[in-house]
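Since the model is a prediction, treat every value here as computed from it, not as a measurement.
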Amino acid sequence: MKKVSIVGLDIAKNSFHAHGCAKDGSKVFSKALPRGRVLEFFDQVEPCIIALEACAGAHHWSRELSRLGHDVRLIAPQYVKPYVKRQKNDANDAEAIAEAASRPTMRFVAAKTTEQQGQSMVLKTRDLLTGQRTQTINALRGHLAEHGIVAPKGPQHLPRLERAVAENADHLPPEVIGLCQIFFDLIAGLGDRIDALTRQLRQVAQHNDVARRLMTMPGIGPVTAVSIAVLAAPPEMFSKGRDFAAWVGLAPRQHSTGGKTRLGKISKMGQRDLRRLLIIGAMSAIQAAQKRGGAPDGSWLARMLARKPKMLVAVALANKMARMAWAIMVHGGVYETPANA
């Protein structure tokens with residue numbers, strides 16, 4: 001049997017498929033494996049490159065297979081799809097993964113540690129609870145609007161809704177008052193959990209050197225700093241800050257041909273949560289500058305706000321923030337306020 005050089009492993013919940021290739025690309029084996037036999041099988045294979053799609057469970061299997069001495073590489077699913085031949089099944093998927101991993105220009109996803117995934121879960125859980133709180137508040141406002149009770153958007157206006165329900169208790173049906181109290185209790189419980197997770201993220205940010213330095217930049221708080229430190233790809237993977245901003249999805253989408261460059265809206269590729277947080281942070285920095293009487297005269301921000309819409313300026317500022325964040329992560333140091341032109 002030829003020596004195995006690359007193994008493409010298609011993972012799932014219970015059914016796995018391994019496709020082994022020799023150094024010249026010829027097939028050595030193609031084998032279906034149940035979940036319980038994966039580690040046993042690869043323990044008998046000589047150390048080689050094992051490629052997986054970066055999907056659910058991939059980081060766990062990357063750590064487990066690395067302990068057996070293998071070089072594990074994760075590939076984004078969109079980079080594997082072009083190599084799938086004809087029909088889609090587990091065997092063809094595993095073969096496509098091995099073929100993609102053999103390309104010298106292929107880009108790989110860095111495997112995360114258990115600590116990084118734990119911090120990532122805190123971020124994702126906080127986002128989930130925040131969305132549920134917003135959904136619950138909107139449902140409550142919609143129901144009360146049917147009874148003539150309205151209030152502005154946002155959780156800060158909930159006391160106003162509670163007072164309005166209490167003042168109109170004589171005119172509202174009893175079931176409406178009882179259900180409103182359920183809504184108020186649910187929103188309060190979600191708010192307490194969100195606050196607890198926010199405090200936890202602040203503690204993580206204080207103990208993380210990268211996050212602590214990132215927070216010196218205007219518009220980046222504990223949540224955004226921890227998100228960049230945990231969710232972003234290693235900064236060493238990028239040759240310059242522009243590449244990191246493009247990975248986040250804050251660079252224009254290209255549709256160029258024949259030597260004619262056509263640039264459109266931002267590509268929205270990469271990590272969606274980082275892009276959203278950077279744009280929100282950029283908008284908060286713009287609003288803070290306007291509250292102080294406007295951006296400093298002669299600054300880039302002042303010139304942009306004078307001739308462009310605020311949202312467009314926020315996206316452009318988020319692009320600059322991504323580049324500066326990359327520079328801080330790679331070169332060290334903290335944010336320094338630029339001199340005015």
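Using modelled atom types, no side-chain atom of Lys112 and backbone atom of Gly118 make a donor-acceptor pair closer than 3.5 Å. A donor-acceptor pair under 3.5 Å is absent between the side-chain atoms of Asp243 and the main chain of Phe238, judged by distance alone. Here the side chain of Ser267 pairs no donor or acceptor atom with the backbone of Pro252 at under 3.5 angstrom. Panel note: side chain Arg73, backbone Leu52; no donor-acceptor pair is recorded below 3.5 Å. Formation of a donor-acceptor pair under 3.5 Å by the Arg213 side chain with backbone atoms of Gly333 is found in this model. A distance-only check finds no donor-acceptor pair linking the side chain of Ser120 to the backbone of Gln116 [under 3.5 Å]. Panel note: side chain Trp326, backbone Pro235; a donor-acceptor pair is recorded below 3.5 Å.
Atom CE of residue Met215 and atom CD1 of residue Ile328 lie 11.5 Å apart, to the nearest 0.5 angstrom. Distance CD1/Ile279 to CG/Leu274: 11.0 Å, rounded to 0.5 Å. The structure places CZ of Arg67 at 13.0 Å from CG of Asp43, a figure rounded to the nearest 0.5 Å. Going from atom NZ of Lys308 over to atom CG of Leu301 covers 14.5 Å, rounded to the nearest 0.5 Å. Atom OG of Ser15 is separated from atom CG of Leu33 by 8.5 Å, given to the nearest 0.5 angstrom. Going from atom CZ of Arg275 over to atom CG of Leu250 covers 7.0 Å, rounded to the nearest 0.5 Å.
More than 12 non-hydrogen atoms from other residues, nucleotides or ligands lie less than 6.0 angstrom from CZ of Arg212. Heavy-atom contacts from other residues, nucleotides or ligands closer than 6.0 Å to CD of Glu336 number 12 or fewer. Arg107 CZ: 12 or fewer foreign heavy atoms inside a 6.0 Å radius. Taking a 6.0 Å sphere around NE2 of His207, one finds it holds 12 or fewer heavy atoms contributed by other residues, nucleotides or ligands. Applying the 6.0 Å contact sphere to CD of Glu46 captures no more than 12 heavy atoms from other residues, nucleotides or ligands. Counting heavy atoms of neighbouring residues, nucleotides and ligands inside a 6.0 Å radius, atom CZ of Arg272 does not exceed 12 of them.
Heavy-atom minimum distance, Ser227 versus Val223: OG-O, 2.7 Å. Contact record, Met283 with Lys310: SD-CD, 3.6 Å, taken as the closest heavy-atom pair. Across Ala169 and Ile177, no two heavy atoms sit closer than the pair O-CD1, 3.5 Å. The two residues Pro218 and Tyr335 come nearest to each other via the heavy atoms CD-CE2, 3.3 Å. Across all their heavy atoms, Gly191 and Arg133 have their closest contact at CA-NH1, 3.9 Å. Looking at every heavy atom in both residues, Cys48 comes nearest to Ser5 through CB-O, 3.5 Å.
Inter-residue side-chain proximity for His19 and Ile97 is flagged as unmet; no heavy-atom pair is nearer than 4.5 Å. Inter-residue side-chain proximity for Lys3 and Lys23 is flagged as unmet; no heavy-atom pair is nearer than 4.5 Å. For the pair Leu305 and Ile286, the minimum side-chain heavy-atom distance is below 4.5 Å. With a 4.5 Å cut-off on side-chain heavy atoms, Leu65 and Leu9 count as touching. Inter-residue side-chain proximity for Ile228 and Thr224 is flagged as met; some heavy-atom pair is nearer than 4.5 Å. Contact check for Lys31 versus Phe16: no side-chain heavy atoms found under the 4.5 Å cut-off. Taking 4.5 Å as the limit, every side-chain heavy atom of Met237 sits out of range of all side-chain heavy atoms of Phe244. A heavy-atom distance below 4.5 Å is found between the side chains of Val84 and Asp93.
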Just list the side-chain donor-acceptor pairs under 3.5 Å for residues 137-164, sequence neighbours left out, or say none.
unit_1: Asn138; atom_1: ND2; unit_2: Thr134; atom_2: O; d: 3.3
unit_1: Arg141; atom_1: NE; unit_2: Ala151; atom_2: O; d: 3.2
unit_1: Arg141; atom_1: NH2; unit_2: Ala151; atom_2: O; d: 3.1

CA sep, side-chain torsions, deciding dist, call: Arg323, Lys240, side-chain contact (heavy atoms from CB on, under 4.5 Å): CA-CA 8 Å; Arg323 298 193 211 182; Lys240 50 185 176 294; over 6 Å; no
Could you walk me through whether Glu64 and Val72 pass side-chain contact (heavy atoms from CB on, under 4.5 Å), step by step? CA-CA 10 Å; Glu64 294 295 324; Val72 184; over 6 Å; no
Check against side-chain contact (heavy atoms from CB on, under 4.5 Å), Asn208 and Val226: CA-CA 8 Å; Asn208 189 305; Val226 174; 5.9 Å; no
side-chain contact (heavy atoms from CB on, under 4.5 Å) between Trp61 and Ile50, worked out: CA-CA 10 Å; Trp61 287 109; Ile50 300 179; over 6 Å; no
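A ring-centre distance under 6.0 Å is found for Phe29 and Phe41.
Both Leu317 and Leu278 belong to a common hydrophobic cluster when Ile, Leu, Val, Met, Phe, Trp and Tyr are linked at side-chain heavy-atom distances under 4.5 angstrom. Under the 4.5 Å side-chain contact rule for hydrophobic residues, Met121 and Leu190 do not share a cluster. Both Leu129 and Leu123 belong to a common hydrophobic cluster when Ile, Leu, Val, Met, Phe, Trp and Tyr are linked at side-chain heavy-atom distances under 4.5 angstrom. When hydrophobic clusters are built by joining Ile, Leu, Val, Met, Phe, Trp and Tyr residues whose side-chain heavy atoms come closer than 4.5 Å, directly or via intermediates, Val315 is grouped together with Trp247. In the hydrophobic cluster analysis, where Ile, Leu, Val, Met, Phe, Trp and Tyr join through side-chain heavy atoms closer than 4.5 angstrom, Val45 is grouped apart from Ile49.
Checked for salt-bridge contact, Asp195 and Arg199 miss the test: no charged N lies under 4.0 Å from a carboxylate O.
Residues passing the side-chain hydrogen bond (donor to acceptor under 3.5 Å, both in side chains) test with Lys260: none are found, sequence neighbours excluded.
Every pair passing side-chain hydrogen bond (donor to acceptor under 3.5 Å, both in side chains) that includes a residue from residues 121-131 is listed here, sequence neighbours excluded: Lys124-Asp273, Arg126-Thr198, Asp127-Arg276.
Under the 3.5 Å distance criterion, with hydrogens and angles disregarded, a donor-acceptor pair is assigned to the side chains of Arg63 and Gln117.
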